[in-house]
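Comments concern the structure below.
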Amino acid sequence: MSRTTPRRRSRGALAVTLAAASLFLSACGGSSGSQDKAQAPAKPGQKVDLRFWSWVPGVDKAVDKWNATHPDIHVKLEKIPSGSSGGYAKMRAALKSGNAPDLAQVEYQEIPSFLLENGLVNLSEYGADKDRSKFVDWQ
């Protein structure tokens with residue numbers, strides 16, 4: 001039985017987050033900084049900017065790699081305090097004010113609370129179902 005390290009899980013979470021982001025970009029335009037504001041669909045070749053909040057050490061390297069390989073999708077990393085040290089409070093305040101980031105690092109145990117606050121987006125509405133087989137069934 002293999003064990004995953006926290007670093008491997010964090011990298012996997014970023015990969016899932018960024019992969020999920022790429023799935024719904026065909027339905028979204030540039031970043032408005034809020035999921036509450038309507039966005040016009042992106043046109044082919046149109047650059048899309050996404051704000052990504054994370055506290056994970058080294059995640060900037062993954063974001064840089066993403067940006068280098070996806071010229072039409074630019075992810076801007078904004079470092080926030082880790083988990084209960086202030087990051088989740090900042091995310092919840094941003095959700096309430098209508099200024100949430102496009103992407104955020106959220107630990108598995110926090111998903112239910114963000115679901116209850118309407119802080120998650122069902123990506124199947126944006127075509128994510130076609131890539132369901134690329135992920136383990138619990139994601």
Side-chain angles (χ1 to χ4, degrees):
M1 181 162 107
S2 68
R3 298 188 85 191
T4 58
T5 64
R7 174 172 272 166
R8 183 173 283 162
R9 282 192 301 265
S10 295
R11 286 182 187 159
L14 175 64
V16 169
T17 302
L18 293 178
S22 68
L23 295 175
F24 77 89
L25 288 174
S26 61
C28 299
S31 172
S32 67
S34 171
Q35 59 190 12
D36 296 333
K37 298 175 186 173
Q39 297 179 3
K43 295 178 180 146
Q46 179 181 359
K47 186 172 181 177
V48 176
D49 293 308
L50 298 173
R51 286 187 330 161
F52 174 45
W53 288 4
S54 179
W55 61 87
V56 177
V59 74
D60 53 321
K61 292 175 185 148
V63 170
D64 290 344
K65 186 172 183 175
W66 172 271
N67 287 334
T69 58
H70 298 83
D72 292 341
I73 306 167
H74 181 261
V75 175
K76 181 182 181 217
L77 174 64
E78 295 179 28
K79 291 285 194 166
I80 61 170
S82 63
S84 59
S85 299
Y88 292 135
K90 180 176 178 148
M91 288 180 199
R92 288 183 174 96
L95 283 167
K96 288 179 183 174
S97 71
N99 194 30
D102 301 294
L103 306 165
Q105 184 84 35
V106 177
E107 295 170 295
Y108 185 76
Q109 71 272 11
E110 294 293 325
I111 291 173
S113 67
F114 280 96
L115 181 64
L116 291 172
E117 295 177 36
N118 293 319
L120 303 176
V121 175
N122 182 350
L123 296 178
S124 64
E125 298 173 22
Y126 302 101
D129 281 341
K130 68 179 175 157
D131 292 313
R132 182 179 294 270
S133 65
K134 295 179 182 177
F135 301 94
V136 294
D137 59 357
W138 56 265
Q139 290 181 316

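- Ion pairing of Asp129 with Arg132 is present here, as a side-chain N (NZ or NE/NH1/NH2) and a carboxylate O approach within less than 4.0 Å.
- For the pair Trp53 and Ala94, the tightest heavy-atom approach, listed with the atom from each and the gap, is CH2-CB, 3.6 Å.
- Although no hydrogens or angles enter the test, the distance criterion places a donor-acceptor pair under 3.5 Å between the side chain of Lys79 and the main chain of Val56.
- In this structure, the separation between CZ on Arg92 and CD on Glu110 is 5.5 Å, given to the nearest 0.5 Å.
- Tracing side-chain contacts under 4.5 Å through hydrophobic residues (I, L, V, M, F, W, Y), one never reaches Met91 starting from Leu116; they form parts of separate clusters.
- In this structure, the separation between NZ on Lys90 and CG on Asn99 is 9.5 Å, given to the nearest 0.5 Å.
- Separating the OG atom in Ser82 from the CD atom in Gln105 is a distance of 11.5 Å, to the nearest 0.5 Å.
- Smallest separation of non-hydrogen atoms from Trp55 and Ile80: CB-O, 3.1 Å.
- For the pair Leu77 and Ser54, the tightest heavy-atom approach, listed with the atom from each and the gap, is CD1-CB, 4.0 Å.
- Nearest heavy atom pair, residue Phe114 against residue Val106, reads CD1-CG1, 3.8 Å.
- Of all heavy-atom pairs spanning Ile73 and Trp66, the tightest one is O-NE1, 3.4 Å.
- Between the side chain of Arg51 and the main chain of Ala100, a donor-acceptor pair closer than 3.5 Å is present.
- Taken from CG in Leu50 to NZ in Lys76, the straight-line distance is 12.5 Å, to the nearest 0.5 Å.
- For the atom pair CG (Asp60) and CZ (Phe52), the distance works out to 10.5 Å, reported to the nearest 0.5 Å.
- Across all non-hydrogen atoms, the minimal contact from Asp49 to Lys47 is OD1-CE, 3.6 Å.
- Atom CG of residue Leu103 and atom CD of residue Glu78 lie 11.0 Å apart, to the nearest 0.5 angstrom.
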